[in-house]
Number of protein chains: 2
Amino acid sequence: MPDYVQERGAAAFGTRLRRLSERLDRDVQAIYRERAAAFEPRWFPIVTSLDAHGAQTVGDLADRIGVSHAAVSQLRAELVAEGLVQTRPDAADQRRFWIELTPSGKRTAARLKPLWDAIAQATSLLCSEAAPRFLAELERLERALDERPLKDRVDATFGARAKLRPAKGATHERT
Amino acid sequence: MPDYVQERGAAAFGTRLRRLSERLDRDVQAIYRERAAAFEPRWFPIVTSLDAHGAQTVGDLADRIGVSHAAVSQLRAELVAEGLVQTRPDAADQRRFWIELTPSGKRTAARLKPLWDAIAQATSLLCSEAAPRFLAELERLERALDERPLKDRVDATFGARAKLRPAKGATHERT
DNA sequence: TCCTTTTATGTAAGCTCTTACGCATTTCCG
DNA sequence: CGGAAATGCGTAAGAGCTTACATAAAAGGA
């Protein structure tokens, strides 16, 4: 483990992970744009999930793709406006409704599938070449944090709840 | 490389990377809050950089911590309001000014250094246990993408600029 | 020397999610 | 059975960055 983590702590990860994520999104967006695909990267998880698994509720989708229900709700509104998805009420529960692809949404998924496959392949190849263990290590990191969050780890070595208050008035000194 | 990438493509990374990043940030924020530290995770890169390397310009900081100058500008305003940093003009270039820690900023850094070290140690240990190659692989991924962006990789296999237009009118069908 | 191009940084607007709040429905349990 | 707690999802506001736009100063080159 390089000195980089010792120097930057958790911040060693934060910015870089965010930037890698954003960079990949930007590239995918550029690919869509260049090919006049009329599609947005952020629609991908929902559209492919509906395509693969059929109708789902807001909560199902939120769990499956790992975002808040509010984010799914907002995306749903957008996808309905685009004509890619529609909703229908649940027969047994009036709070709930089902989100599914429209015929147009299904056609869009079929149209873009070859491109998605190409992106998946390119990504897979990239990983094989440059970072064959990356996803495995990512998964192990996630699991380790599930079992014991960073905060608990710090509390154990630093002394839970030891205070680090600023001296009175010291933080609000003006230049 | 698991089937996860083949199934999700670039999206395999995006959400998970973002979530790991956010999760670490949230933990660090909870640590600060619990210890009445009066500090924000997003201040860390700037404050530690100034503490370690002395006065720097907006552009220097943007380069060093890897964000846009506008983000540094906004953070600087916030840190000035908190009394942690101050600015002074550059003698040779009127467009430029130097950002440095105030005495209070220096005291804050000294106060929090033990906590930062504990966080760094916990993070380092976490990586050693769960994902010893994670950062090395992250770095290699970044470098591979620097050399050849994902878009170029997809273009090479899929055929640059092959169009994937929706059929006329098909995407705007309303439910 | 003088004009064009580049550079430094501020501000505004946008993005894509989050949390907070709210309402209605359903489930649970005394 | 009935009230309290939990659940499902919409909307509003906020977060923390980005890109876009703008202005002024500096650098470069004819």
Side-chain angles (χ1 to χ4, degrees), chain A residues 11 14-30 32-33 39-46 55-82 85 87-99, chain B residues 11 14-30 32-33 39-46 55-82 85 87-99:
Chain A
T15 305
R16 290 172 79 178
L17 292 175
R18 207 177 307 125
R19 248 200 335 262
L20 178 55
S21 169
E22 285 166 358
R23 168 192 214 156
L24 294 174
D25 277 357
R26 272 197 303 271
D27 269 9
V28 172
Q29 180 143 65
Y32 287 144
R33 208 180 295 122
F39 199 79
E40 299 290 334
R42 68 184 178 281
W43 298 347
F44 175 84
I46 292 192
Q56 290 162 68
T57 64
V58 170
D60 290 339
L61 281 168
D63 288 342
R64 192 183 288 273
I65 71 179
V67 295
S68 63
H69 86 268
V72 171
S73 189
Q74 287 170 17
L75 276 174
R76 183 205 48 93
E78 196 171 341
L79 288 167
V80 166
E82 287 291 324
V85 312
T87 55
R88 58 185 164 78
D90 184 271
D93 186 338
Q94 290 185 58
R95 300 169 302 179
R96 200 192 291 266
F97 56 88
W98 294 90
I99 302 178
Chain B
T15 305
R16 290 173 80 178
L17 291 175
R18 209 176 307 125
R19 254 211 317 275
L20 177 56
S21 168
E22 285 168 358
R23 172 194 212 154
L24 293 173
D25 276 357
R26 273 198 303 272
D27 268 8
V28 172
Q29 179 139 66
Y32 287 143
R33 209 178 295 119
F39 198 80
E40 299 290 331
R42 67 182 180 279
W43 298 347
F44 175 83
I46 292 195
Q56 292 162 69
T57 61
V58 169
D60 290 340
L61 281 168
D63 287 344
R64 193 183 287 274
I65 71 178
V67 295
S68 64
H69 84 271
V72 171
S73 189
Q74 287 170 17
L75 277 173
R76 182 204 50 91
E78 198 172 336
L79 289 167
V80 166
E82 287 291 325
V85 312
T87 56
R88 59 184 163 80
D90 185 91
D93 185 339
Q94 288 187 61
R95 301 168 305 179
R96 202 192 289 267
F97 55 88
W98 296 89
I99 304 179

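From a predicted model like this one, the values you see are computed outputs, not experimental measurements. Below, chain A is the first sequence line, B the second, and so on; all start at residue 1. These numbers come from the heavy atoms of this one structure, side chains and all, not from hydrogens, waters or symmetry mates.
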Minimal non-hydrogen separation, A:Ile99 against A:Arg76, with atom names =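 Heavy atoms of A:Ile99 and A:Arg76 come nearest at CD1-CD, 3.5 Å.
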key: Over all atoms of both residues, closest heavy-atom pair of B:Phe97 and B:Arg88   =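 For B:Phe97 and B:Arg88, the tightest heavy-atom pair comes out as CB-O, 3.3 Å.
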Side-chain touch [X]/[Y], heavy atoms, less than 4.5 angstrom:
X       : Y       : answer
A:Ile65 : A:Phe44 : no
B:Val28 : B:Phe39 : no
A:Tyr32 : A:Trp43 : no
B:Arg18 : A:Asp25 : yes

key: Worked check of side-chain contact (heavy atoms from CB on, under 4.5 Å) between B:Thr57 and B:Asp90   = CA-CA 9 Å; B:Thr57 61; B:Asp90 185 91; 5.6 Å; no
Euclidean distance, atom [atom1] of residue [X] to atom [atom2] of [N] [Å, nearest integer]:
X       : N      : atom1 : atom2 : answer
B:Leu17 : C:dT16 : CG    : C1'   : 16 Å
A:Arg23 : D:dT18 : CZ    : P     : 14 Å
A:Asp90 : C:dT26 : CG    : P     : 9 Å
A:Leu79 : D:dC9  : CG    : P     : 16 Å
A:Gln29 : C:dT16 : CD    : P     : 7 Å
A:Gln94 : D:dC9  : CD    : C1'   : 14 Å
B:Arg18 : D:dG16 : CZ    : C1'   : 13 Å
A:Glu40 : C:dG14 : CD    : P     : 16 Å

task = Treat primed atoms plus P, OP1 and OP2 as sugar-phosphate and everything else as base, then score nucleotides 5-13 of chain C 5' to 3': B for base contact with protein heavy atoms under 4.0 Å, S for sugar-phosphate contact only, - for none.
result = --BSBBBBB
request  = Hey, could you give me the CZ/CD distance between B:Arg33 and B:Glu40, rounded to the nearest 0.5 Å?
outcome  =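 The CZ atom of B:Arg33 sits 8.0 Å away from the CD atom of B:Glu40.
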ask   = At under 4.0 Å, does any side-chain N or O of B:Ser68 touch on OP1 or OP2 of D:dT18?
value =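 Affirmative; the distance criterion is met.
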query = Dot-bracket, DNA chain C: Watson-Crick or G-U, under 3.5 angstrom, [ ] crossing, | other strand?
reply = ||||||||||||||||||||||||||||||
ask   = Would a distance-only check, ignoring hydrogens and angles, find a side-chain to backbone donor-acceptor pair under 3.5 Å from B:Arg19 to A:Gly66?
value =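 Side chain of B:Arg19 to backbone of A:Gly66: a pair is present.
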inquiry  = Using a 4.0 Å heavy-atom cut-off, does B:Ala92 contact any base of the nucleic acid, only the sugar-phosphate backbone, or nothing at all?
reply    =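 Sugar-phosphate contact only - B:Ala92 comes under 4.0 Å of backbone atoms but never of a base.
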